[in-house]
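The structure under discussion appears below in the form of structure tokens.
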Amino acid sequence: MADDSTQHRPVSERLTRVIARGQHSEEFDDMLPTAWLVSVVLAIGHTLPDPGSMSEAETSRARHTTLLRALGHQSLR
């Protein structure tokens, strides 16, 4: 059985490229290391609300907003 780092490698590599490109183009804040932001994105992706506390749409919206804020997306500045 593969460990988490092996399972996440393809996703992490893709996220690294996307985040680095966003930082380079100034769409994302470059004050935090890309590797840290990749870890944050993966953690948010694994986060679930308490059962019954949020609808699927609310969960999706919360993840989207949280990800943009974590990445320092320029539309939120």
Side-chain angles (χ1 to χ4, degrees):
M1 186 167 156
D3 66 6
D4 273 353
S5 63
T6 301
Q7 289 178 327
H8 286 127
R9 184 169 294 131
V11 174
S12 295
E13 290 171 355
R14 174 80 173 142
L15 284 171
T16 297
R17 289 190 303 270
V18 169
I19 292 170
R21 187 171 55 239
Q23 290 174 317
H24 181 73
S25 68
E26 298 181 356
E27 287 184 68
F28 299 155
D29 189 346
D30 65 357
M31 296 295 291
L32 295 171
T34 303
W36 172 258
L37 293 174
V38 169
S39 295
V40 168
V41 170
L42 290 171
I44 291 168
H46 285 285
T47 303
L48 296 171
D50 290 333
S53 66
M54 296 171 74
S55 70
E56 193 172 320
E58 290 170 322
T59 301
S60 177
R61 191 170 36 255
R63 276 195 183 115
H64 182 254
T65 300
T66 303
L67 285 169
L68 291 178
R69 288 181 179 168
L71 295 170
H73 192 269
Q74 67 180 0
S75 69
L76 298 174
R77 292 183 198 162

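Keep in mind it's a predicted model, so treat the numbers as computed, not measured. Residue indices begin at 1 and follow the sequence shown.
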- Message: Assigning hydrophobic clusters by single linkage (Ile, Leu, Val, Met, Phe, Trp, Tyr; side-chain heavy-atom cutoff under 4.5 Å), is Val18 placed with Ile44?
- Response: no
- Query: Once you round to the nearest 0.5 Å, how far does CG of Leu67 lie from NE2 of His73?
  - Reply: 11.5 Å
- Message: Hydrophobic clustering (ILVMFWY, side-chain heavy atoms < 4.5 Å, transitive) - are Met54 and Leu68 grouped together?
- Response: no
- Task: Could you pull out all residues at least two apart from Ser55 that satisfy side chain to side chain donor-acceptor pair (under 3.5 Å)?
- Result: Glu58
- Message: My understanding is that only one of Asp29, Val41, Leu32 makes a side chain to side chain contact (heavy atoms under 4.5 Å, CB included) with Leu71; could you say which?
- Response: Val41
- Task: Say whether, by atom type as modelled, one donor and one acceptor occur between the side chain of Thr65 and the main chain of Arg61 under 3.5 angstrom.
- Result: yes
- Note on the structure: Heavy-atom nearest pair, Ala70 first then Leu37, reads O-CD2, 3.5 Å
- Message: According to side chain to side chain donor-acceptor pair (under 3.5 Å), who are the partners of Glu13, at least two apart in sequence or on a separate chain?
- Response: none
- Correct closest heavy-atom pair for Thr34 and Thr16 would be CG2-O, 3.8 Å
- Query: At their closest point, which heavy atom of Gln23 faces which heavy atom of Asp30, and how far apart are they?
  - Reply: NE2-CA, 3.7 Å
